[in-house]
Structure formats: structure tokens, C-alpha cells
Amino acid sequence: MSGLTVARRLDWDEEESYFHSESDIKLRVDNVTKEFYVKGFGKAPDQTTVIALDGLTLEVKRGEFLVLLGPSGCGKTTLLDMFAGLSFPTSGSISIDGQPIKEPGLDRGIVFQQYALFPWLTTFENVEFVLANNNAPKKERVKKVKELIKMVGLEGFENHYPYQLSGGMKQRAAIARTLTFDPEILLMDEPFGALDSQIRELLQQELLHIRDQTGKSILFITHSIEEAVYLADRVAVLTARPGKIKQIIDVPISRRERLESEDIRSDPLFSETRHLLWTLLRDEMSKSQEIKEGKAHED
Amino acid sequence: MKIKNIALSILETLKSVAAIFCLLLLWEIAPRLQWVDPFFIPPLSSILVAFWHLILSGEWEKLALVSLKRVFIGYSISVVIALPLGFIIGWFKRCERILNPLLQALRQVNATTILPLFILMFGIGEVSKISIIAYSGIWSVFMNTINGVKNVDPLLIKCAKSLKLSNWQIFRKVAFPAALPSVFTGLRYGITIALLLLISAEMLGGTSGIGYAINNWQMLSKAEQMWSGILTMVIFGLVFNYSFIALEKRMSRWKEDAPRG
């Protein structure tokens, strides 16, 4: 396992090049379709096919922060499972650095909405989990775990069990656990979705700092427009089920501005982008609602 | 302030033992005032005196050791069988689905009802007693272990998979620790049931042990001694129960609310 590459600070002048060198694609989703077969029961015994994703194409560039924005039920979780290597596309392909994803791997770090900390382990043990599991040398791993716990601001809570932590602290611990094995890309599934708004904004800001310090590529799933604008270099808006890309928007706010501005959310560019995304998403929201209501009728 | 706190905590302790104390007091008074027939229920003090004599004469020790040995061996057998099987069956979902109906039916077979069968098969010696205790103890350990393993939060399994753990590692590092509290609950119920069956087995076909002695004293109309035997079993039950609760608590420190007796 390689050492932690903390403080690989992105050179601001290089930032432009990150988004224009086509050869530097970290994650590629190529025309992915995912169907589920649902066994019928009761009055409708026929097997039905549910199409969760329909021809989704997407690229995450190296060092990019890409946010997937979509209404609920657009197949976000399905997509994440495939990134994780836990399930596979019905057709199309997903690859990292040009290599198709065939199994789970530590080149991808997944952060779940519900934290997925092991409740019988303390904060320290949870963060240490992957390193301990791979028999990393004790001294080295203790150092790394301490470093990361400090980075996510959990010092003093090393010996707390998850039930003793707030939601925000749990997610910090989960993020630290993911950073221990230094994955090249972080896949985050509505990681702040269960947090109240103040903690949420704080963690968003900290995530930007962590990205700044580590230079990771990040694919971030959310249904909050505000969150998308605040975090993303680019936002990919998904359609309601079956999910595919509706449009991809470049957020016209630089990384430096986000980190340095007192209140970037009140910037006119911020509001404009938010409004643009809102109009894009509005139609999908109502469609998603119709799908749900249609289902309720069938039931 | 401090004195008030101490007084409060004493009051709390008093409250928690008040019910027991009242019962014991009633036990002493009722036979003396002839509210109940002292021939069946002698006053507590005379029972305790008889108990003390049983201990002094060494008779109590002999009886208790015989019984404890049976429970120990029988219960150990049930744990040795039920724990690994429970973990295996709980872990392999398909296995669990196929076996579950059978297990549900089998566990409904009250151990006492098949005690005669065991005596028929193994005679009235140690083997039948130990095997009935083992049989009775198996079920709760087994069922609770299966449930503990089966009900591991699927998100944790998913997370472990994404962290590239092998199946064996997931079992050892996720399913096993997650199941422990439930396993210990099963172990606790198991010992309680094993103690019950110990007495039944000794009463039905025994020539030694506390259960046999209780029966024997009853036939000899030695009420004080009989009650000493009953008290012995109450004490055993309490000791086992609370030791297991302590263990359970230790195993579930990470849970919000530790189980209570």
C-alpha cells in the first residue's frame, strides 16, 4: 500500500488543463444500461423488467469534482453499486483508467449516505479498519490514522463508538476511513443527505479542502441543487427513471473562489447556476413524481 | 448536597430490594401466624437453619456438585454443537431457508415431553440426563446465533465488500462481531433452560442431585430441606443469569442500550 499523498496541492494555473486534456479520463461510463428483473406476485404474476439506467454516458476527468444531480429514483444507487464493482451493467461498460471494473477494489473509495461505520469498533478502529485488514505495519498505520483523524477534525473522539458520535462526526470518520487507502477516486452517495443544513454546509466546505489537499477525483451523487453548485466543477443532471444524462453544466466558479470567498452562495453566478439547474431538474422532478403516483395506483 | 445524593442512592437501592424483602418477611410471618400451613411452607428462618445444617454436613455440597456437573457437561455439549452450526446456517442464506421450517418445528418439541424417550434410549443413568440437558440447551443458542448472523446490517456487508474483504474476512470481521450480542442472549436463555431440564431429569429418573433430593425430601415430608433445595436452584439461576448478563453487557458495549435482566 502506498503512503498517503497528503498535500498534493493542485496548481491553480494547471486547473484549466485538467478540464481540457481528453486523454486524462479517470472514470468512464459508456452507454450503460441496467435492467432488473422483478418477479411478479399476487395479481400480477408475470416477471417484469425495470430499466434503472438507459444508455448513460459520463466521464470523470482526473482531479475533477463531478456531481450527479437527479430526482429520487433515477438509478443513482444502481450506478454506485456498479462503480463499486458489486453489480454489473446489463450492457455498456464502466472503466477506470481504461480498465473495465470487474470487482471491488481499493482504487475506488466509497462513502455511503448512512456512513456504514462498524458499530462495534471505535472511531480509531473504524478508520484503521482497511489498513489493519491488509496487515499494514502497525507503526505506520497508527501514524496515518492519527493524521487522517486530525484532518477530518475528530481528534479527541478516537475512542468513541459510532453511537456516541453525531451524524456529521460519523461521516467524517467514514471519509477518513476511505482516505486511509488512498483511492484515486472518491464515490460519494449523498454523503451529507442525512445531516442538518449547518453541519452539511460545514462538511461541504471541508470536503473541498480535503479535495484541495489530496487532489482526488470525486464523483458525488446528490439531489440538492445548492450542494451541486457549491461543490462541483461540472454537474451532470440525470433524468427520472430510466436514468440517463439530461445535460452537463460547467459551474462557472473557480476552486479558488469557493475556498476563499466568505459567502460564495450569494454570488450572482452561484444563483444563476442554481436557477439553471433548477429549471433542468424541475421537469424531471414532476416526472419522477408521476412515476411514483402511477405505482401507487397499481398497488 | 453530597449527603442528599447518598441518601437518594440508598433509597433507590432500598426500593429495588423492597419487594423481595416484603416477600421474605411475609414468608417468615405467614407460617408463624398460621396464615399458611407451616407443614408445607415453613417459616423462612427454620428453612435457613435446615439449609445451614445441610451445608455443614457436606450433603449439600455433594448434591450440588452432582447437579452442576451434569449442567456443565450437558450445556457445554449444546454450546459446542449449536454455536458452529448456528454460525454456518445463519451465514449461508440458502441453507437457512431450507432448514428453517424444520428447525421451527423441532424447537416446538418440548424437551420434557421427550424425556421418557431419552430414558428409554439411554437408561436412567448419566447419559440420558446429560443428553436431555444438552438437547434443551441447544435451541436457544442455535436460534439466536442464526438470527444474529442473518440479521447483520446489509449496508455493512456491502461496505465490507466494497473495501475488498474476502467472504471469510466479512464473516470474521463483520458478521461475527455483529452477531455476538444476540449469541450471548442465546447462551443466557440456554443455561436457564438447561437448569430447568436438569431438575426434571433428576426428578424423573435420578438417584442423586438436587432435583432428586427435592423429590426425596418431599416424599419424606422434610419441608425445610425441600425448600433448601428449591432455594439452591433459585440461587444457581440467579448466579448464572447475572454472570451471563455481565458477559452480554461486555460484548455489547458498543450498543446504545445494553441488555438488562
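Residue numbering restarts at 1 for every chain, and letters A, B, ... go by the order of the sequence lines.
Counting heavy atoms from C-beta on, the side chains of A:Ile110 and B:Lys158 never come closer than 4.5 Å. With a 4.5 Å cut-off on side-chain heavy atoms, A:Phe129 and B:Lys173 count as touching. Looking at heavy atoms from C-beta onward, B:Cys159 lies in side-chain contact with A:Phe112 at the 4.5 angstrom threshold. A heavy-atom distance below 4.5 Å is found between the side chains of A:Phe181 and B:Leu163.
Here the CG atom belonging to A:Asn134 is positioned 7.5 Å from the CD atom belonging to B:Gln169, to the nearest 0.5 angstrom.
Considering all non-hydrogen atoms of both residues, B:Lys164 and A:Leu106 come closest at CD-N, 4.1 Å. The heavy-atom pair separating A:Leu86 from B:Ser162 by the smallest distance is CD2-N, 4.3 Å. Nearest heavy-atom pair across B:Trp254 and A:Tyr161 is CB-CD2, 3.5 Å. Between A:Phe118 and B:Ala160 the shortest heavy-atom distance is CZ-CB, 4.4 Å.
For B:Tyr189, the OH atom sits in a loose shell: 12 or fewer heavy atoms of surrounding residues, nucleotides or ligands are nearer than 6.0 Å. Atom CZ of B:Phe176 has 12 or fewer neighbouring heavy atoms from other residues, nucleotides or ligands inside a 6.0 Å radius. More than 12 heavy atoms of other shown residues, nucleotides or ligands fall within 6.0 angstrom of atom CZ in B:Arg172. Within 6.0 Å of CD in B:Glu61 there are 12 or fewer heavy atoms belonging to other residues, nucleotides or ligands.
Among B:Asp153, B:Leu156, B:Leu155, the single residue meeting the side-chain contact (heavy atoms from CB on, under 4.5 Å) criterion with A:Gln114 is B:Leu155.
The residue among A:Trp120, A:Tyr115, A:Phe83 with the most heavy atom pairs within less than 4.5 Å of chain B is A:Trp120.
For A:Gln164, no part lies near chain B; criterion is any non-hydrogen pair under 4.5 Å.
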